[in-house]
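Read the numbers this way: they start at 1 and go in the same order the structure lists the ligands and their atoms. All values below come from the heavy atoms of this structure, side chains included, with hydrogens, waters and symmetry mates left out. We number each residue from 1, following the sequence as shown.
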Amino acid sequence: MPAQSSGSLSVRVGNTELPTPVCVASGTFGYGAEYEQLIDLSSIGALFAKSVTRAPRSGNATPRLVETPSGLLNSIGLANVGIERYVTEKLPLFAAMPCPVFANIAGESVDEYLEIVERLEARGEIDGFEINLSCPNVARGLAFGTECAQVESLTARLRKATVRPLVVKLTPNVTDICEIARAAEAGGADAVTCINTLLGMVIDTENRRTALAAGTGGLSGPAIRPVGVAAVYRVRRSVSIPVIGAGGIMCAEDALQYLLAGASAVQIGTANFVDPRTVARVLDGIADYGRRNGYGCIEEFHLAE
Ligand SMILES: Cc1cc2nc3c(=O)[nH]c(=O)nc-3n(C[C@H](O)[C@H](O)[C@H](O)COP(=O)(O)O)c2cc1C
């Protein structure tokens with residue numbers, strides 16, 4: 001029996017039902033259409049699309065990807081077509097997607113986030129929003145996701161602009177991710193995603209240069225999985241909204257760690273570059289584990305006390 005036929009694995013985020021708990025992470029699955037020959041897109045819980053900003057961005061100079069032990073370091077720099085082309089070129093792709101689609105929004109100011117959310121809220125093609133807080137706030141210099149007051153006020157502004165699910169994606173590059181999660185919840189978020197990439201650097205010692213042209217980048221892949229699982233475990237116990245787990249999920253066993261830590265759903269990121277069918281494999285494994293343990297829904301996937 002295909003795992004995706006199990007209605008009991010569906011998950012609610014805000015007012016939207018994800019048909020399965022296995023989603024794809026922003027920036028690692030394009031706009032979905034690129035994968036339609038490779039995977040049954042209806043088996044995806046939700047597509048979290050690549051971040052969009054107000055203006056088009058060509059991203060950082062190359063090289064902007066380097067492999068690390070069990071990881072990938074990237075400094076793509078939010079390359080994207082900008083909101084104008086997003087509306088004309090990407091929304092039609094989303095309308096054809098057989099799974100929920102969350103637009104992931106990035107910005108350098110509160111007004112930029114707000115303008116994009118308002119623009120998309122007026123349209124019918126997307127099911128919800130994921131807010132990428134890893135961007136620097138030009139007014140304050142620090143990434144949005146590093147200050148509680150900033151996270152709460154941004155979330156509250158965006159909350160007023162949408163009736164759709166509002167998911168706040170947390171950066172792990174903070175002192176206490178639980179405080180930031182509580183700020184997102186206080187601002188009215190329907191869920192939080194844990195975690196975005198970890199700040200990292202690789203140095204080419206022969207050339208005496210950083211491997212990435214931008215110097216630092218974001219570390220993803222199996223190397224960050226224990227960090228992500230711990231973040232989900234702690235955040236789950238700090239907020240009462242659903243937590244979506246992300247970071248280094250390569251197989252069902254990895255996803256199960258997140259679910260047992262308290263995640264209501266997971267996102268597959270870097271693994272999509274290794275095997276585009278990871279989502280299907282992970283979903284089958286979760287369904288099998290649920291059947292073996294007699295679990296009726298995702299909330300029953302818990303750590304033994
Ligand atoms: C190449 C690449 C591009 C990414 N682009 C984005 C992005 O545009 N917006 C965003 O919120 N996260 C982005 N991410 C972060 C992922 O969505 C995810 O949170 C992170 O990679 C951890 O999951 P993973 O280890 O399964 O990849 C990107 C990650 C990678 C590897």
**Q** Phe273 to ligand 1: N or O pair under 3.5 Å?
**A**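 Min N/O separation from ligand 1 is not below 3.5 Å for Phe273.
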**Q** Do Asp190 and Arg12 meet the salt-bridge criterion of a basic N to acidic O distance under 4.0 Å?
**A**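 No salt bridge links Arg12 with Asp190.
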**Q** Check Arg119 with Glu84, please: is the shortest side-chain N to carboxylate O separation under 4.0 Å?
**A**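 Judged by the 4.0 Å cut-off on N to carboxylate O distance, Glu84 and Arg119 do form a salt bridge.
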**Q** Decide if the gap between the ring center of Phe29 and the ring center of Tyr35 is smaller than 6.0 angstrom.
**A**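 Yes: the rings meet the under 6.0 Å criterion.
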**Q** Does any non-hydrogen side-chain atom of Ile244 lie less than 4.5 Å from one of Gln267?
**A**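 Heavy-atom side-chain distance check passes, below 4.5 Å.
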**Q** Quick one: look up the protein heavy atom nearest atom 21 (O) of ligand 1 and list residue, atom name and how far away it is.
**A**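 Protein heavy atom with the smallest distance to atom 21 (O) of ligand 1: Ser220 CB, 3.3 Å.
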**Q** Among all protein heavy atoms, pick out the one at the shortest distance from atom 9 (N) of ligand 1; state its residue, atom name and that distance to 0.1 Å.
**A**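 The answer is Ser51 OG, 2.8 Å.
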**Q** If you draw a 6.0 Å radius around OH in Tyr233, do more than 12 non-hydrogen atoms from other residues or ligands fall strictly inside?
**A**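 Atom OH in Tyr233 is not packed in, count stays at 12 or less.
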**Q** With salt bridge (Lys or Arg N to Asp or Glu O under 4.0 Å) as the test, pick out the partner of Arg164 among Glu130, Glu121, Glu125, Glu118.
**A**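 Only one of Glu130, Glu121, Glu125, Glu118 forms a salt bridge (Lys or Arg N to Asp or Glu O under 4.0 Å) with Arg164, namely Glu121.
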**Q** Any heavy-atom pair between the side chains of Leu154 and Leu133 that's under 4.5 Å?
**A**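 Yes, side chains in contact.
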**Q** Whether the Asn74 and Thr197 side chains hold a donor-acceptor pair (N or O, under 3.5 Å, no angle test) is what I'd like checked.
**A**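 Looking only at side-chain atoms, Thr197 and Asn74 do not form any donor-acceptor pair under 3.5 Å.
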**Q** Quick check on contacts: which atoms of ligand 1 are under 4.0 angstrom from a heavy atom of Gly248?
**A**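 Those of ligand 1 that fall under 4.0 Å from Gly248 are 24 (P), 25 (O), 26 (O).
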**Q** Below 4.0 Å, non-hydrogen atoms only: which portion of Lys169 touches ligand 1? Side chain, backbone, both or neither.
**A**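 Within the 4.0 Å criterion, Lys169 contacts ligand 1 through side-chain atoms alone.
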**Q** Which protein heavy atom lies closest to atom 8 (O) of ligand 1, and at what distance to 0.1 Å?
**A**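 The closest one turns out to be Lys50 NZ, 3.0 Å.
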**Q** For the residue pair Asn173 and Thr146, establish whether any side-chain heavy-atom pair is separated by less than 4.5 Å.
**A**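 Answer no - side chains too far apart.
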**Q** Atom 2 (C) of ligand 1: which protein heavy atom is closest, and how many Å away?
**A**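 Its nearest protein heavy-atom neighbour is Asn74 ND2, 3.6 Å.
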**Q** Of all the atoms in ligand 1, which lie at a distance below 4.0 Å from a heavy atom belonging to Thr270?
**A**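 Result: 24 (P), 25 (O), 26 (O), 27 (O), 31 (C).
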**Q** Considering only heavy atoms of Ile195, which atoms of ligand 1 have at least one such atom less than 4.0 Å away?
**A**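 In order of numbering, the contacting atoms are 19 (O), 22 (C).
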**Q** Identify which of Gly217, Ser26, Ala25 has a heavy atom lying nearest to atom 14 (N) of ligand 1.
**A**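 Result: the heavy atom closest to atom 14 (N) of ligand 1 is in Ser26.
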**Q** What is the ring orientation for Phe94 with Tyr86, classed by angle as parallel under 30°, tilted 30 to 60°, or perpendicular over 60°?
**A**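 Perpendicular: the ring planes of Phe94 and Tyr86 meet at over 60°.
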**Q** Return the closest protein heavy atom for atom 3 (C) of ligand 1 as residue, atom name and distance.
**A**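 Checking every protein heavy atom, the shortest distance to atom 3 (C) of ligand 1 gives Gly27 O, 3.5 Å.
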**Q** Compute the shortest N/O to N/O distance between Gln267 and ligand 1 and return yes if it is under 3.5 Å, no if not.
**A**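 No, no N or O pair falls under 3.5 Å.
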**Q** Do me a favour and list the nearest non-hydrogen protein atom to atom 26 (O) of ligand 1 with residue, atom name and distance?
**A**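 Here the nearest protein heavy atom works out to Gly269 N, 3.1 Å.
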**Q** Is there a heavy atom in Ala271 that sits closer than 4.0 Å to ligand 1?
**A**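 Distance cut 4.0 Å: Ala271 fails for ligand 1.
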**Q** Out of Asn196, Ile249, Val24, Ile244, whose heavy atom sits nearest atom 15 (C) of ligand 1?
**A**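 It is Asn196 whose heavy atom sits nearest to atom 15 (C) of ligand 1.
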**Q** Please could you name the atoms of ligand 1 that Thr197 approaches to less than 4.0 Å, counting only its heavy atoms?
**A**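 Answer for ligand 1: 20 (C), 21 (O).
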